[in-house]
Protein chains: 2
Amino acid sequence: MHFNMNEAIEVLERTPQTLEYFLSDLSEGWLHCHEGEGTWNAFEVIEHLIEAEKNNWLPRLEFIIQEGESKPFPPFDRFSHLKESSERSMEQKLLEFKMLRTQNITKLKALIKPELHFELTGFHPAFGEVKIRELLSTWVVHDLTHIAQIVRVMAKRYKEDVGPWEEYLGILKNNDGAEKSIIGKKQ
Amino acid sequence: MHFNMNEAIEVLERTPQTLEYFLSDLSEGWLHCHEGEGTWNAFEVIEHLIEAEKNNWLPRLEFIIQEGESKPFPPFDRFSHLKESSERSMEQKLLEFKMLRTQNITKLKALIKPELHFELTGFHPAFGEVKIRELLSTWVVHDLTHIAQIVRVMAKRYKEDVGPWEEYLGILKNNDGAEKSIIGKKQ
């Protein structure tokens with residue numbers, strides 16, 4: 001096991017500001033590009049991260065602590081953010097993500113004591129038994145997945161433009177972690 | 001064609017500081033993890049980016065402008081940074097990368113006029129004819145590739161830790177853009 005509370009928090013703390021630095025004031029061309037129909041642009045990824053801060057990580061942690069395995073926690077709709085159109089700018093979305101994340105890290109630190117809570121189990125609607133430490137590890141990997149997704153989507157915008165170098169640029173070939181491949185699933 | 005000089009520079013400008021924010025003061029566990037023998041950790045990726053700032057992008061641009069297709073430009077050894085062990089901290093490496101990138105963007109702006117230079121061709125040792133606009137597009141995608149690589153390598157550190165959620169996290173399966181897959185090739 002590599003998971004460690006402090007190291008996990010290091011990543012969770014960095015994600016919003018890393019994305020803020022990378023995406024703020026970028027041209028619309030970069031922010032609106034995607035990998036084809038049914039795939040997400042950078043706006044949609046940030047909206048999904050906001051949605052997960054509100055309705056996934058902390059609510060599930062609290063649910064496990066309160067309910068244990070007595071009942072499955074409500075599924076998180078990974079596509080709910082797509083149902084609401086939002087006119088806010090990227091900068092406003094990034095600010096919301098950062099504020100929610102900061103609040104959630106504060107709550108996380110207050111709520112979870114490794115020695116008491118890491119092995120507590122809840123009941124995932126699809127997987128059955130899951131541990132709190134697995135949920136926390138997933139939170140970290142979920143951040144990393146979506147940073148990689150944003151970067152990959154942007155890279156693919158230049159797929160034709162790189163000419164013969166395409167051969168050396170694996171990012172233009174794969175669909176690593178693409179939402180497309182698991183569309184319709186609940187996380 | 002999506003390539004556009006100003007938009008390309010937007011990404012080139014952001015990469016060093018994005019990585020600086022993401023990687024500074026991270027625990028050694030995150031900075032030293034890799035995807036197995038022959039693959040790179042975050043230190044090695046940053047060293048490779050530094051090496052490319054010194055010996056790849058600008059030197060090749062200047063070579064094309066001076067020599068055109070008259071002779072192939074010298075191959076860039078993608079693994080040369082691995083031959084020199086360096087004891088510098090991540091923060092020192094990131095600072096060097098940022099300084100070199102800033103200088104190179106200044107040189108790029110002075111050197112390249114889109115209407116004059118984009119279609120100029122050079123002779124790549126493996127590919128033959130390549131255009132300046134393809135080299136510049138590749139510079140951008142190369143940045144994005146290596147941001148994605150760092151993030152993917154970190155994600156895989158928690159491959160076992162996420163438990164059953166592994167199924168939903170595509171980043172843990174693929175080897176998007178991994179250096180491993182093209183080891184030994186010159187870029």
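Here is how names work: the chains are called A, B, and so on, in the same order as the sequence lines, proteins then strands, and each is numbered from 1. Quick note: numbers below take in every heavy atom, side chains included, and nothing from hydrogens, waters or symmetry partners. Note that this is a predicted model, so its numbers are computed, not measured.
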Side chains of B:Ser137 and A:Asp161: any donor to acceptor distance under 3.5 Å?
no
Ranked by heavy-atom pairs below 4.5 Å to chain A, first place among B:Glu160, B:Lys159, B:Met1 goes to B:Met1
Short side-chain donor-acceptor distance under 3.5 Å, B:His48 and B:Glu51
no
Portion of B:Asp25 that has a non-hydrogen atom of chain A nearer than 4.5 angstrom:
both
B:Trp30-B:Tyr158 aromatic ring centre distance below 6.0 Å:
yes
Under a 4.5 Å heavy-atom cutoff, which of B:Met154, B:Glu20, B:His2, B:Glu166 has the most pairs with chain A?
B:His2
Could you look at B:Leu135 and say if it's the side chain, the backbone, both or neither that has a heavy atom under 4.5 Å from chain A?
both
Region of A:Gln17 in contact with chain B, defined by heavy-atom distances below 4.5 Å:
both
With under 30° as parallel and over 60° as perpendicular, where do the rings of B:Phe127 and A:Tyr168 fit, or are they tilted in between?
tilted
So which residue, A:Gly128, A:Ser27, A:Gly29, ends up with the most heavy-atom pairs under 4.5 Å with chain B?
A:Ser27
Considering only heavy atoms, which portion of B:Glu7 lies under 4.5 Å from any heavy atom of chain A: side chain, backbone, both, or neither?
both
Most contact-rich option vs chain B, by heavy-atom pairs under 4.5 angstrom, among A:Phe3, A:Tyr21, A:Phe22, is A:Tyr21
Residue by residue, which of residues 114-122 of chain B have a heavy atom closer than 4.5 Å to a heavy atom belonging to chain A?
none
Pick from B:Leu136, B:Ile147, B:Leu26 with the largest number of heavy-atom pairs that fall under 4.5 Å of chain A:
B:Leu26
Residue pair B:Gln92 / B:Ser89: nearest heavy atoms and the distance that separates them
OE1-N, 2.9 Å
